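Written below as structure tokens is the structure these notes are about.
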Amino acid sequence: MDCKILNFQNRKDDRGSLIVLENLKEVPFEIKRVYYIFDTDPKFPRGAHAHKNLEQILIMMCGSCDIVLDNGKKKKKICLNRPDVGLYIGKNIWREMKNFSYGAKLLVLASDFYDEKEYIRDYNEFLKVLNAK
Ligand code: T46
């Protein structure tokens, strides 16, 4: 599956922690967009879509949530709960974010600008796109 856990270097000292993310270094693409998700409710999962071309890194800045990834053949559940860990998600991976803890804050770094046409929001359509490859 085109996803991986990225363990970021923590420049930690007595004052606290500091993490640096640079284009094409810690982040394996050029960042064109940043967004963040907060004020979530554990009753409401998010996501349930794939991207045709977008690559992203998800970082849990505070709290935790489960990310369920699906490449059409197998599924994987990852619990994100640390700001020094990123989850890289490549193209054509169905994702769902659920079980957000109270006060969770999820930061996302994206390889491109927002384009709704680039989303696949129907699971059967997702499987069709995969089978056409
Ligand atoms: C993803 C997961 C991890 C915009 O107008 N611009 C943006 O850059 C984004 C990300 C969203 N929107 C609009 C589109 C919807 O009207 O904001 C609304 C909520 O977006 P969505 O329902 O897609 O949010 P999530 O949390 O289900 O998914 C988001 C990202 O959209 C998606 O790319 O991989 O987070």
Side-chain angles (χ1 to χ4, degrees):
M1 196 177 293
D2 188 17
C3 66
K4 63 181 170 202
I5 291 288
L6 305 172
N7 291 292
F8 303 129
Q9 185 189 348
N10 187 347
R11 292 163 166 82
K12 191 174 165 67
D13 60 28
D14 292 345
R15 300 167 298 168
S17 289
L18 188 154
I19 287 173
V20 181
L21 303 179
E22 292 188 90
N23 281 338
L24 307 177
K25 291 185 182 170
E26 295 82 2
V27 176
F29 51 77
E30 292 204 46
I31 303 164
K32 287 207 181 145
R33 180 165 51 109
V34 173
Y35 59 91
Y36 41 99
I37 293 170
F38 57 102
D39 285 350
T40 48
D41 184 322
K43 286 199 296 290
F44 297 109
R46 304 189 64 107
H49 57 251
H51 288 283
K52 294 176 191 162
N53 289 304
L54 193 72
E55 298 169 86
Q56 300 194 106
I57 293 177
L58 278 55
I59 307 168
M60 212 67 215
M61 301 307 291
C62 182
S64 65
C65 81
D66 292 328
I67 315 285
V68 181
L69 301 173
D70 175 352
N71 67 358
K73 293 196 182 96
K74 58 178 182 179
K75 288 188 186 192
K76 203 180 220 183
K77 185 166 89 172
I78 294 161
C79 176
L80 280 185
N81 55 9
R82 303 174 57 113
D84 58 353
V85 168
L87 173 62
Y88 168 86
I89 308 178
K91 26 190 111 154
N92 289 310
I93 305 275
W94 190 265
R95 82 284 318 264
E96 188 173 332
M97 300 96 82
K98 58 186 192 181
N99 301 328
F100 285 95
S101 67
Y102 178 76
K105 292 176 181 56
L106 177 65
L107 177 74
V108 183
L109 312 177
S111 65
D112 214 339
F113 303 115
Y114 175 69
D115 177 7
E116 185 59 41
K117 295 192 292 300
E118 198 273 329
Y119 283 68
I120 308 172
R121 292 192 185 267
D122 178 87
Y123 191 75
N124 288 328
E125 171 69 19
F126 167 64
L127 294 179
K128 259 191 233 164
V129 169
L130 290 180
N131 289 331
K133 288 195 178 288

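This one's a predicted model, so the numbers in the text were calculated from it and none came from an experiment. Note that ligands are numbered from 1 as they come in the structure, with each ligand's atoms numbered from 1 the same way.
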For Phe126 and Tyr123, take the angle between the two ring planes, folded into 0 to 90°, and tell me which bin it lands in: parallel under 30, tilted 30 to 60, perpendicular over 60.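 Rings of Phe126 and Tyr123: tilted, 30 to 60°.
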Heavy-atom closest contact (Lys32 atom, Ser111 atom, distance):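 Scanning both residues, the minimum pair turns out to be CG-O, 3.6 Å.
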Minimum heavy-atom separation for Lys91 to Asn53, with atom names?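 Between these two residues, the closest heavy atoms are CE-O, 3.5 Å.
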Side chain to side chain, Leu87 and Leu69, heavy atoms closer than 4.5 Å: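 With C-beta onward as the side chain, the pair touches.
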Same cluster (ILVMFWY, side-chain, under 4.5 Å), Ile93 and Val129: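 Ile93 does not cluster with Val129.
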Take Ile57 and Phe29 through the side-chain contact (heavy atoms from CB on, under 4.5 Å) test and state the conclusion after the steps. CA-CA 10 Å; Ile57 293 177; Phe29 51 77; 3.9 Å; yes
Non-hydrogen atoms closer than 4.0 Å to ligand 1: which protein residues do they belong to? List them by chain and number, please.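 These residues qualify: Arg33, Tyr35, Ile37, Arg46, Gly47, His49, His51, Gln56, Arg95, Met97, Tyr114, Tyr119, Arg121.
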